[in-house]
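Data block below; observations after.
Residue numbering restarts at 1 for every chain, and letters A, B, ... go by the order of the sequence lines.
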Amino acid sequence: MRERLAISRPVEGACGETGTWRVFKPVVDREKCNSCGMCAMYCPDGVIDSEYEIDLIFCKGCGICANECPKKAIAMVREGEES
Amino acid sequence: MLTISTGNNAVAAAVREAGTGVVAAYPITPQTEIVEQIANFVTKGSMKASYIPVESEHSAMAACIGASITGIRTFTATSSHGLLYMNEMVNWAAAARLPIVMANVNRALGPGWNVWAEHTDSLQARDTGWLQVYVATVQEAYDATLMAFRIAEDRRVYLPVMVNLDGFTLSHITQQLEDVKIGDFIPPLVLDHKIDPAHPGGYGCMTSSVDYVRIRSDIERSMRDSVEVIRETEAEFAKRFGRSYSWTDDYRCEDAEVLILSMGTLGKEAEVAIDILRSEGVKAGSMRVRWIRPFPNLDLGDRELVVIDRNYSFGFGGILAGSIRAKTGKTCYNVIAGLGGQEVTYHDIASFVRNRKIGTEEWFGVKI
């Protein structure tokens, strides 16, 4: 079919490994997490899976998950400063 | 059936006959009667369409874009300031390759506030990727609107078409109208790139310059291919319904030594001027230019040219005259006449020919 119009289809990583944009990294405290799923629901990049594991190859570090977490179980830690 | 109609009602009747599914429009003088009539058809059930009243012309075209991308036949109509207000979406509709048909009832731009005929409104949209045809009779407004859908929806084109008719001197005058039963003249719309909920995607999203150039060039490829599609469509229309149209409407041009070139209703007025000039022994002919995009290949020979422009590009000149100069390399006598509904009689037009000074421009009625 002749290409008439710029149409993008949803695929993983269409913009490359956007995790490299990150300044702050989300770190989950498993003791506090009660698996409510708010973080995954709000994540604009859909990088939090059903086990609440965060895909750091694509996570841009926006911090929305940490902001939304009702248990304050996610800390935003500057890249390279994690203990 | 032979009936009588205004130009506006003829357009509305053609939109109904074409089986249009969605109409989104905002009323503006002198276009109002078109959308009022379509709203009447929908309300009374003689037209099975969604009529979307919107808060502005920008929204009207945006709604048409949203409807058209689902693969349904879509129409809107506007005039003058309405067309300028929707201009962002007018550009989008063409580049999104949507076969929307729009009637523009040509009207001057303010200030000073003026509702009468002039072509500067639609000619400001000539670089948008829309095909543009200018009509001069009620019958032609009807026929051109029907053909516009078939041309726009052809896979070789997939571009919107604007049908232009002069405000009041055509939109509100009454002439005879022979309507048609359209049958299968306009095939069902098949839009290859329509939205498919099973395969979601982003339409017209951020695009690299490499892809942008490639996709933009496809608009021009289709614009060039539309030449053949228009030819085929007008030939098929003539075969089925007995009325012939072409790139220009020629009157006594065969042996003419001087040609009047014009657009819209002034081109019909010019035919009377030709008869007057012929009775004086002047071998004159009239060539009314119908299509502006794609711009036709005009066979002008070595005849002298008098070009009447009911429009103006400030700092440049009449747009039709400029286009003819650019495309044919021929010089002309350019008369700027009929702006803001200025009365131009056939006697005036005959005098343009008698007093022609090739290579110059003149504003009818004023000295500049």
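Counting non-hydrogen atoms of neighbouring residues, nucleotides and ligands closer than 6.0 angstrom, the OH atom of B:Tyr212 reaches no more than 12 such neighbours. Within a 6.0 Å sphere centred on CZ of B:Phe185, heavy atoms belonging to other residues, nucleotides or ligands number more than 12. When the shell of 6.0 Å around NZ of A:Lys72 is examined, it contains more than 12 heavy atoms from other residues, nucleotides or ligands. When the shell of 6.0 Å around CZ of B:Arg224 is examined, it contains 12 or fewer heavy atoms from other residues, nucleotides or ligands. The neighbour count for A:Asn34 CG, taken as heavy atoms of other residues, nucleotides or ligands under 6.0 Å away, is above 12.
Heavy atoms closer than 4.5 Å to chain A are found nowhere in B:Asp211, neither backbone nor side chain. Heavy atoms of B:Arg216 lying under 4.5 Å from chain A are absent altogether.
With rounding to the nearest 0.5 Å, the separation of CZ in A:Arg2 from OG in B:Ser222 is 4.0 Å. The CD1 atom of A:Ile7 sits 10.5 Å away from atom CG of B:Asp196, with the distance rounded to the nearest 0.5 Å. Distance check: A:Leu5 CG to B:Arg97 CZ gives 8.5 Å after rounding to the nearest 0.5 Å.
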Verify side chain to side chain contact (heavy atoms under 4.5 Å, CB included) between B:Asp218 and A:Glu3, making sure each step is shown before the conclusion. CA-CA 8 Å; B:Asp218 193 81; A:Glu3 198 175 0; over 6 Å; no
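Between A:Ala6 and B:Thr207, the shortest heavy-atom distance links the atoms CB-OG1, 3.2 Å. In this structure, A:Pro10 and B:Gly201 approach most closely via the heavy-atom pair CD-CA, 4.3 Å.
Remark: B:Asp192 does not engage A:Arg4 in a salt bridge, criterion side-chain N to carboxylate O under 4.0 Å.
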